[in-house]
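What follows is a short report on a single structure.
Remember, it's a predicted structure, so these values are computed and weren't measured experimentally.
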Amino acid sequence: MDFAGKVALVTGGGNGIGRATALGFAERGAAVVVVDLDSDAAAETVRLITEDNKTAFDVCADVTRTGDVQTYVEATLQKHGRIDCFFNNAGIEGRVAPTAEYDEDVFDSVIAVNVKGVFLGLRHVLPVMLEQGAGTVVNMASIAGLVGSPGMPAYVASKHAVIGLTKVAAGEVSSEGVRVNAVCPGPIDTRMINELAAQVNADDPSAVRTSYESSIPLGRFGKAVEVANVVLFLCSDLSSNVTGAQYVVDGGRVASPKGVTSQSELQVDLRRADG
Ligand code: NAP
């Protein structure tokens, strides 16, 4: 995966998965633009890249605001003249609460960042890539875009929407040389998953983690770099026939959650019950 001479734009690049991906692009030769609401965090990602004699600059932007999105696109074009890879990643988790009690303002804010932010990124980056006749986009979804998760109505709805946006955009632009895919991580060891665990059990977040990890076939939370590696693959020529797809990076959680009775176990139980 060689990104020499390429320009990579990463939203939410100041922390977690976005930072790991920004570092991964830079290590493999791309000039990186780090976009984040948290300007200190974005500057730190840039420092980590440039101290290694690689190229990066940061833009403080709120992905929910059209003007800010136009600013990060224009800043990239002014500096580098093109956008080859776009990781549309910034997102928030919202609160953990049942749908019947969910706060409307929190719902709106999750949809604003996770859905409108992704839409605005596509809305303003795709024209650049279409003009170039080339480009790759990876939208950040989640396994919450594939299955439900009680207590997370806004987040689950938002990530299902990201997969929808991905399919629509891929159908529209793939014949023009632009590929659009989504990545669906399971629990990844960043601020976000630890914050969610603390919401579920403020007294003992580590108990939540242990319980969740026991449901994952690989037996552990993923690392940010393990998601970054898949994003880099989807942005590289190695995935040249992949578009409109969702890549799951979850240690096997969705395919075969541990602790949930498998079909074959169920059949054995039913046969026993029949005598
Ligand atoms: P993170 O460590 O919290 O990083 C998210 C970054 O996005 C933060 O720097 C955050 O800034 C920034 N951001 C939030 N709202 C923004 C906005 N309106 N405009 C610009 N930047 C904004 O979380 P992460 O775990 O790396 O999550 C990255 C993405 O992966 C999210 O879309 C998340 O839904 C998805 N994901 C995460 C997991 C997981 O288990 N960690 C699993 C599946 C999917 P602030 O710090 O200022 O908020």
Side-chain angles (χ1 to χ4, degrees), residues 3-26 28-50 54-92 109 111-140 162 165-166 168-170 172-174 176-183 228 231-232 234-236:
F3 292 99
K6 305 268 188 196
V7 178
L9 182 54
V10 179
T11 70
N15 284 296
I17 299 167
R19 172 178 287 173
T21 309
L23 296 176
F25 272 125
R28 291 165 181 81
V32 182
V33 182
V34 179
V35 175
D36 209 292
L37 196 54
D38 182 340
S39 54
D40 291 343
E44 176 59 12
T45 301
V46 167
R47 192 192 66 75
L48 291 168
I49 292 173
T50 52
K54 311 281 197 256
T55 308
F57 75 95
D58 55 295
V59 180
C60 181
D62 180 343
V63 298
T64 69
R65 301 168 73 94
T66 304
D68 285 18
V69 175
Q70 287 170 323
T71 297
Y72 76 63
V73 170
E74 279 159 20
T76 307
L77 293 178
Q78 245 172 33
K79 178 88 176 164
H80 297 298
R82 56 187 296 112
I83 304 169
D84 298 293
C85 311
F86 178 42
F87 185 28
N88 208 356
N89 162 71
I92 57 173
S109 65
I111 297 299
V113 180
N114 296 8
V115 183
K116 190 173 177 194
V118 168
F119 162 70
L120 286 176
L122 291 167
R123 173 68 185 81
H124 294 280
V125 171
L126 286 179
V128 175
M129 293 183 166
L130 288 170
E131 180 73 24
Q132 294 167 177
T136 51
V137 178
V138 176
N139 293 325
M140 174 51 90
V162 170
L165 286 170
T166 303
V168 171
E172 292 168 349
V173 301
S174 296
E176 311 286 319
V178 181
R179 295 187 293 110
V180 185
N181 290 292
V183 68
V231 175
L232 296 173
L234 290 171
C235 287
S236 77

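A 4.5 Å side-chain heavy-atom check between V115 and L165 finds at least one atom pair inside the cut-off.
Nearest approach of F86 to L122, heavy atoms of both residues: CE2-N, 4.2 Å. The two residues A26 and I49 make their nearest non-hydrogen contact at CB-CG2, 3.5 Å.
Shown here are the side-chain hydrogen bond (donor to acceptor under 3.5 Å, both in side chains) partners of S174, two or more places apart in sequence or in another chain: T243. Applying the side chain to side chain contact (heavy atoms under 4.5 Å, CB included) criterion to L120, with sequence neighbours excluded, gives T66, V69, K116, H124. Listed by chain and number, the residues in a side-chain hydrogen bond (donor to acceptor under 3.5 Å, both in side chains) with N114 are S158 (sequence neighbours excluded). With sequence neighbours excluded, no residue satisfies side-chain hydrogen bond (donor to acceptor under 3.5 Å, both in side chains) with D38.
In this structure, the separation between CG on L126 and CD on E176 is 11.0 Å, given to the nearest 0.5 Å.
Screening residues 125-140 for side chain to side chain donor-acceptor pair (under 3.5 Å) gives N88-N139, N139-T166 as the qualifying pairs, with residues at least two apart or on separate chains. Listed by first then second residue, pairs satisfying salt bridge (Lys or Arg N to Asp or Glu O under 4.0 Å) with a partner in residues 81-92 read R82-D84, not counting sequence neighbours.
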Please list every donor-acceptor pair under 3.5 Å in which a side-chain atom of residues 70-81 meets a protein atom from a residue at least two apart or in another chain.
{"residue": "T71", "atom": "OG1", "partner": "G67", "partner atom": "O", "Å": "2.8"}
{"residue": "T76", "atom": "OG1", "partner": "Y72", "partner atom": "O", "Å": "2.7"}

Under 3.5 Å donor-acceptor pairs involving side-chain atoms of residues 3-23, not counting sequence neighbours:
{"residue": "T11", "atom": "OG1", "partner": "N89", "partner atom": "N", "Å": "2.8"}
{"residue": "T11", "atom": "OG1", "partner": "A90", "partner atom": "N", "Å": "3.0"}
{"residue": "R19", "atom": "NE", "partner": "G14", "partner atom": "O", "Å": "3.3"}
{"residue": "R19", "atom": "NE", "partner": "T45", "partner atom": "OG1", "Å": "2.8"}
{"residue": "R19", "atom": "NH2", "partner": "G14", "partner atom": "O", "Å": "3.0"}
{"residue": "R19", "atom": "NH2", "partner": "A41", "partner atom": "O", "Å": "3.2"}
{"residue": "T21", "atom": "OG1", "partner": "I17", "partner atom": "O", "Å": "2.7"}

Quiz prompt | Evaluation steps, side chain to side chain contact (heavy atoms under 4.5 Å, CB included), between M129 and I83 | solution = CA-CA 7 Å; M129 293 183 166; I83 304 169; 4.0 Å; yes
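Heavy atoms of other residues, nucleotides or ligands lying less than 6.0 angstrom from CZ of R65 number 12 at most.
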